[in-house]
Structure formats: structure tokens, C-alpha cells
Novice: 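Okay, handing you the structure first.
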Amino acid sequence: MAQSTQLAGSQNPLSKGMSAAEMTFAVVAAAMAFLSVYITAKTTSGPFAFHASLFALASVATVVAVFNRNMNSGGATIPQEIDGKPNYNYGPVKFGTIAALFWGIAGFTVGLVIALQLAFPALNFDLPWISFGRLRPLHTSAVIFAFGGNVLIASSFYVVQRTCRVRLAGDIAPWFVMLGYNFFIVIAGTGYLLGITQSKEYAEPEWYADLFLTAIWVTYFLVFLATVIKRKEPHIYVANWFYIAFIVTIAVLHIGNNAAVPVSLTSPKSYIVWSGVQDAMMQWWYGHNAVGFFLTAGFLAIMYYFVPKRAERPVYSYRLSIIHFWALIFLYMWAGPHHLHYTALPDWAQTLGMAFSIVLWMPSWGGMINGLMTLSGAWDKLRTDPVLRMLVVSIAFYGMSTFEGPLMSIKVVNSLSHYTDWTIGHVHSGALGWVGYVSFGAIYCLVPWLWNKPQLYSLRLVNWHFWVSTIGIVLYISAMWVAGILQGLMWRAYTTLGFLEYSFVETVEAMHPFYVIRALGGLLFLAGAVIMCWNVYRTIVTPAAETRQVPSGALAPAH
């Protein structure tokens, strides 16, 4: 059937020659290749030479890909619309979805390994490359930035196109964002294993990786913003507001916290411009807002799009969603000092951080209520749709975590919880229950939509994933809650003579059974993710006619 091509503006769909974007990417990549080869030859650091070699190979591959792409397309411009309908760009979204699954399995596996290392220290095998100190940042970065980041970028590229009813802005730029971001993850992850780190929580990569990520993130912002600007839909849907807040704030945080001076062009080492308590304040301004805007605002955007879509109901209160947005982004920025209670940070700053953290509870629960009440009139779907059940449970975990966080920010509570495994339990209730489940739900929704399938291969497998991973989360966080409170009480216990009742070694010994339970919980969560990957794979490769469908409106238990 003949297709009419209708382009934005009056561009010629058969314009020949390399576009300005293609030429720019090719020239920049070629310059990067030469610079990387120079650094490889001059540096005295083996790990840095390895990274420079990877940059050189990636740059050469970019130049070749751009030229091949131009030759294969004959210089033709991709139509913005086909038969009057938007010609959506789903390629980067598909790549990001699969990449998220890959990095998720990798990150969860490393998390299981380090959980076992804490329970059984001999599993470090006295090898520096797989020691807890190197694998722990590898785990946090893999699950937050690799798994979570790919989910956020992929879902944002999908949502902004669908809600604006236009093709994603740019042609090469979205692919640069997606492929470049994953290349940054490779650089960061191998750097951890090789010992390249600037020793900042959630901000371990050194200066050259930070600069590369800055270029990617600026491009990401421009692609997203340009798509919103050229929208056909007059209204900017609330999910896009949360995505924009996530993108802009993470850029500000990344640049501010990673302001550093390299020793030289051929050295991987740099020195942060901040020092002392100012560095600590910048670090936890960054660290807590990485939670607030990477792990909260971005995933709230997912909630505001995928929950209404899956429930087939409008957002419960659009007015509440706007209040939720503005209150959240204003208050979250000032909560970071609660990580520095009882430190050299001035007391007024600690108290201010605590106050903002407590007030933050209200808009957080406003968002939770808005998400849950979106199911008004559709609660029966929870019986038959385990994907929607996973999304709803994620909202419940969000509510629980955003109550526990303000509670732990109160100084008297923090005096017990700080530096204990209670904090680990709190973090993972949010990471596994909120971020993990809302991500899984989004992927379960995206895969059939992207690959043109009527639905997932098996809802029974989704159900298995849900229950296996839920049991794992409960084991994990309950073990850490008990372990953390026990730690805090043992550390502050005194004898009648005023001496500490327990040595530090005794408190570590008391943690052993809880660490074993945590490892078991992590194993179950990983098993659920493996089930998900199999289900996604079968959904993609199985012909549409063979997918296991459930009749619409059937009131049978999910299977």
C-alpha cells in the first residue's frame, strides 16, 4: 500500500548528502578517536589506557556507523508523519528496554554476591578486583544508573512521543543518548573493578567519564525539550513535567558535585574543588537529590503514565498531580543535610534539612494517594492483571519509604539508625519495592507495545515474578530493619561502670543470621527478574497468535 510522507515544515524527503547532525557527530567522534589514541600512548596508568582504548574504539565505530547509515539511506530524510499519523521513533526505546533488563540482571547478581560476602567474608577470595569495596559501588551504580537509568531514558522517549503526538526530536541524537549512556556505564563499571574512583557516594567515576556523561545528558535534555516544543498536543502532560525536572536537576547536581581539577590530561586522577565540610554538604546535597530526582521524580513520571494506561482510568486528580509536582521539587532540594546529623556540619543546617524532610512527607503521600486512587472503579483488575498489581504495590512501597525517610531524618531517631543496617533496609524498600516494581511494570507494558504483540507471552509468569520477588523483598527489608535496630541498641549499650557492653566485633557477629536472610531475599528477587527476562524474550520471539491471552473482563485469578 502506498504511503504518503508528510514532513514537519517543508523539507524534501529525498534531500541528498550528509546532514549537519551526521557531519557534526562524525567530526566530533573522529577528534575523540585521535585524543583517545594520544592518551593511550602517553598515560602511565594501565586502567586509564584501557579506558582510552575503549573510547578510541567507540569513536571509530561511531564514524563508521554514521557513514554507513548515510550510504544506506541515500541521504533520505526520515518522515515525521506517515498517512497523517506520527512516525514514532521506537528504536532507542527498544534498545533501552533490553539494556535495562541486561543491566538489571547484572546489578542484582553483583548485589547478591556482596550480600553473600558480608555473610561469608571468605567469598572475597582475597582478590582486589572482586572485593566488597569494589563490587559495592559496582552494584549501586548498576542498579541505579544502569538499570534505572535505561528504564528512565527509554520510558521518557516513549512517553514524550505518545503524549505530544510527534516523532522524537533529532535523528542521531536519541541514539547518541542511548548508546552513549550505556557506554558510560561500561566505563564506570570497569573503572570500579580496576580501582579508578573519586570515592564519592553515587558519583564514583573520574573526571573524564563525568565530562562524557555531561555531554550525553545535555543532548538528552535537548532531545526531550525539542520534542515537547514541537508537540501537536497543546497540553503538556504531567509525566513530562516530572521527566523534565528529573533531567534538569540531575544535570545541576552532577556538575556541582563533580566539579574537579584533573591532575593532567593523561592522568585518571582529579581533585574535587570542594573540601572538608563543604565537600560533605555538596556530596549529600547531590546524594539525597539523586534519590529525590533520579529515583523519585523520574519514576513518578512512569507512575503517572503507566498506571492510568494499565488501569484504563484517568489520573484521579490532575490538580493534585500539579501540587504534588511543585511541592516535591521545591522541598526535596533542601533535605540533604539530614544525612549529616551529628557531624561537623553546622547544627542549623542539620535542623533545616530535618525540617524539610519532615514536611516532604506530605507531598510524597499526596502523590501516593493520587496513584492509588487512579484505580477507583478498577480495583477488580488487580485480580486478573498481575502487571497492574505490581504497579500498585510499587506505589504502596513508595508511600512506605517516603514515610520512613522523614521519620529517620528526625535527630533522635537518627541517633539510633545512623550508620546501621536500618538505613540499608530503608534504601532497599524504596529501591526494590518502589523503583524495581514500577520499572518492571513499565517494561511489562512497553514490550508488547513496542514489538506489536497483543499482550505478554504469559501472565502466569508475571504472577510468579511478583510473588517470588515480593517474598524476597519482605525477607530483605525485615532482616535489615531488625539488624539495624539491634546494631544501634548494641552500640549504645553501657555497663553499670560506664563501659561499652559490646565490642564492635560482637555486633558484627550478631549480624550474621540477618545477613544470611538478606542474601536469601536478594536471591529470590534475582530469580524473579530472571523469570521476567524469559517472559520478555518469549513475548518478543513468539508470533502474536501464540501469546497466551486472557479474555477481557474475565474475573479469574491471574495466571
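What you are looking at is a predicted structure, and each value in this text was computed from that prediction instead of being measured.
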Novice: Taking atom types as modelled, is there a side-chain donor on Y158 or T97 under 3.5 Å from an acceptor on the other?
Specialist: no

Novice: Consider only side-chain N and O atoms of Y192 and S141, and report whether a donor and an acceptor are under 3.5 Å apart.
Specialist: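 The criterion, which ignores hydrogens and geometry beyond distance, is satisfied for S141 and Y192.
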
Novice: Tell me the closest heavy-atom pair linking V151 and F299, and the distance in Å.
Specialist: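 The pair with the smallest heavy-atom distance is CG1-CE2, 4.1 Å.
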
Novice: Taking the side chain from S469 and the backbone from F466, do they hold a donor-acceptor pair closer than 3.5 Å?
Specialist: yes

Novice: Strictly under 6.0 Å, is that where the ring centroids of Y342 and H418 end up?
Specialist: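 For Y342 and H418, the ring centres are not under 6.0 Å apart.
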
Novice: Any luck finding a side-chain donor-acceptor pair between T249 and N289 under 3.5 Å?
Specialist: no

Novice: Using the ring centroid of each side chain, check whether F440 and F525 are separated by less than 6.0 Å.
Specialist: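 Distance test on ring centres: under 6.0 Å, yes.
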
Novice: Determine the minimum heavy-atom distance between G104 and F147, stating which atoms define it.
Specialist: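 In this case the closest contact between G104 and F147 is CA-CD1, 3.7 Å.
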
Novice: Does P205 offer a backbone N or O that forms a donor-acceptor pair with the side chain of Q198 under 3.5 Å?
Specialist: yes

Novice: What about the rings of Y286 and F294, do their centers lie closer together than 6.0 Å?
Specialist: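 No; F294 has its ring centre 6.0 Å or more from that of Y286.
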
Novice: Decide if atom CH2 of W449 counts as having more than 12 heavy atoms of other residues, nucleotides or ligands within a radius under 6.0 Å.
Specialist: yes

Novice: Among W285, W284, Y202, Y419, find the residue that satisfies the ring pair (Phe, Tyr, Trp, His ring centres under 6.0 Å) test when tested with H339.
Specialist: W284

Novice: Heavy-atom distance under 4.5 Å between the side chains of Y398 and S364, does that happen here?
Specialist: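 Heavy-atom side-chain distance check passes, below 4.5 Å.
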
Novice: Under 3.5 Å, is there a donor-acceptor pair between the side chain of E201 and the main chain of Q283?
Specialist: no

Novice: Check step by step if ring pair (Phe, Tyr, Trp, His ring centres under 6.0 Å) holds for W422 and F514.
Specialist: CA-CA 12 Å; W422 184 356; F514 303 108; over 10 Å; no

Novice: Can you tell whether the side chains of E204 and R134 come within less than 4.0 Å, N to carboxylate O?
Specialist: no

Novice: Under 3.5 Å, is there a donor-acceptor pair between the side chain of E22 and the main chain of D171?
Specialist: no

Novice: Assess the pair W217 and F246: is the distance between their ring centroids shorter than 6.0 Å?
Specialist: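 Between W217 and F246, the centre distance is under 6.0 Å.
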
Novice: Please evaluate residues F212 and F55 with respect to the criterion ring pair (Phe, Tyr, Trp, His ring centres under 6.0 Å), reporting the C-alpha separation (whole Å), side-chain torsions for both, the decisive distance (0.1 Å), and the verdict.
Specialist: CA-CA 10 Å; F212 181 63; F55 270 106; 5.4 Å; yes

Novice: Can you tell me how the ring of H338 sits relative to the ring of H341, calling it parallel under 30°, perpendicular over 60° and tilted otherwise?
Specialist: tilted

Novice: Just checking, is any N or O donor in the side chain of N535 or Y444 under 3.5 Å from an acceptor N or O on the other one?
Specialist: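 No, because no side-chain N or O of N535 sits under 3.5 Å from a partner of the opposite role on Y444.
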
Novice: Please find the pair of heavy atoms, one from T343 and one from Q350, that lie closest to each other, and give the distance.
Specialist: O-NE2, 3.5 Å

Novice: Closest heavy-atom contact between I272 and N257?
Specialist: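 Heavy-atom minimum between the residues: CD1-O, 4.1 Å.
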
